[in-house]
Amino acid sequence: MPVLTLQALTVHGVGPVDLTVAAGEVAGLTGPSGAGKSLLLRAVADLVPHGGEALLDGVPASAMPAHRWRAQVGWLPAESPWWHDTVGAHFAPCPGVDFTVLGLPAAAGDWQVSRLSTGEKQRLALLRLLCRGPVALLLDEPTSGLDAAATRRVEHHVRGYLTARRAPVIWVSHDQAQLARVADAIYILEGGTLAPLSRPGHRSAREGTNRP
Amino acid sequence: MNVIDLTPLDLALAAVLVLALAAASAWLRLGLGRQLVVSGIRTTVQLLLVGLLLKVVFDADRLLWVALMAGVMLAVAGREVMRRQQRRFAGPWGYALGTVSMFISAFSVTVLALVAVVGTRPWWEPQYAIPLLGMMLGNTMNGVALALDRLTAAAWERRDVIEARLALGETPARATAGMRRDAVRVGLTPIINAMAAAGIISLPGMMTGQILAGAPPWTAVKYQVLIMFMIAGGTGFATLAAVALGARRLFDARERLRLERLHAA
């Protein structure tokens, strides 16, 4: 039962942030542009120098090599870069990945990276992350480039992943309606301080509101 | 050896060429006249001073003098490596990175060549040690500067890729493998090309000089081959060392990319 805990996390004027995300729960994170939401996720992934500690199941990031920590807390940046020529080359550690779960053709692995649209990149980046099996998820605007149908698909897929793996998730979005759909608790980051925005209740109570 | 020594008048005649070129440049408004004249004067003064210095060091024939001169050459080469980088490491690292790599590589290869190959006695015989080291440093400096410049430029331009790969759980070594390979390749390309073209497209300067100075072509050729191999080995290992050290310095103990350690020139 992995639990993600932030203890007095501080980074560039953000924080100290204390937050506990239980296994299989989504902490929605919103706030004005430039408030430091992305920065906070990068700090949790230990990609920037920061104060305080992030812990997974009580084990602090500093107790293990950084690359092991990052493999466990899967960070999805808002814009995902691609470095090999084909899509498939990025999926080398996970052969047999199913692209159709996010509405992409099964042969997407053969695509040239240079021809990908924004929305394709975004969905493929999520698959690239999930197929490596992270224990927790840090999602930065994972559906910003997608239409309504694709957005629902992504939300559904992430929910399936966190239910199966009992993964704690921090989900950054400007779309409060989306956070109301996916999150167990919503927080707002403003002026460097994290505050609870609302508690939409337990997810099981919302399952019926999935299709408005 | 039947060397025809050159008189100052001979050199003055040659200098007329540069002056004529400067005049042509002024006439064509190329704006290179001043630079040409200043560079010409620098060449003359610098080489005269080195000539004097070499004469003193050769006459003194003492290890301390040779070591001192080698140290100065290394220090200047290290500065030049740093100067040639668009984005260099801040603080003492900017200087130390190239200098240490060149020291390890160029010095050990030169000493190896002197002791094991040429077999001079004493091994630091200045007439051999200083020219060999000079040629080593000149070329090693090029390779190291090119490689480090490529490495830091790539890390800067592709920082999002590096971070994305780190985020997927890759180690810094893996996330930068392609960039490090590229950097080493760029550093080694000049010497690989020089070896491939030697004798066909270009007659290497050292060999030409020896032949002009009256050495039998066969001896000159053998020295040139020795030099080529030394340069290849020296440049190669210095470049490998500089890229390895530089790539490490791009990250901190928590494997974070720390580009603020680079300063734009």
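Note that the coordinates shown come from a computational prediction; the quantities given were computed from them, not determined experimentally.
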Handout entry: Between A167(B), A164(B), P172(B), the one whose heavy-atom pairs under 4.5 Å with chain A are most numerous
Key =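 Of the options given, most contacts go to A167(B).
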Handout entry: Among the listed options S62(A), S80(A), G74(A), the residue most often paired with chain B at heavy-atom distances under 4.5 Å
Key =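 Top count of heavy-atom pairs under 4.5 Å with chain B: S62(A).
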Handout entry: Residue selection (most heavy-atom pairs with chain B, distance under 4.5 Å) from P49(A), A45(A), P93(A), A71(A)
Key =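 The candidate making the most pairs under 4.5 Å is P49(A).
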Handout entry: T152(B) side chain to R88(B) backbone, donor-acceptor under 3.5 Å
Key =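 Answer holds: no.
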Practice task
Mark yes or no for whether S108(B), through its side chain, and S105(B), through its backbone, hold a donor-acceptor pair below 3.5 Å.
Solution key: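 Such a contact is found between S108(B) side chain and S105(B) backbone.
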Between [X] and chain B, which part of the residue has a heavy atom less than 4.5 Å away: side chain, backbone, both or neither?
X: P134(A); result: neither
X: R42(A); result: side chain
X: A125(A); result: neither

Problem - Cationic N near anionic O, under 4.0 Å, R84(B) to E80(B) - result: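 Between E80(B) and R84(B) there is a salt bridge, with a charged N closer than 4.0 Å to a carboxylate O.
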Problem - Under 4.5 Å from any heavy atom of chain A - which part of R158(B) - result: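 Side chain only.
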Exercise for the section: Compute both the distance and the angle, then confirm whether R254(B) meets the cation-pi test with W69(A): under 6.0 Å from the six-membered ring centre, within 45 degrees of the axis. Expected result: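 That pair does not qualify as a cation-pi contact.
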Practice task
Evaluate the salt bridge (charged side-chain N to carboxylate O under 4.0 Å, His left out) criterion for residues R256(B) and D46(A): first the C-alpha distance (whole Å), next the side-chain angles of each, then the deciding distance (0.1 Å), finally the verdict.
Solution key: CA-CA 7 Å; R256(B) 306 176 188 120; D46(A) 206 0; 2.7 Å; yes
Exercise for the section: Determine the minimum heavy-atom distance between L139(A) and V158(A), stating which atoms define it. Expected result: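 Scanning both residues, the minimum pair turns out to be CD1-CG1, 3.9 Å.
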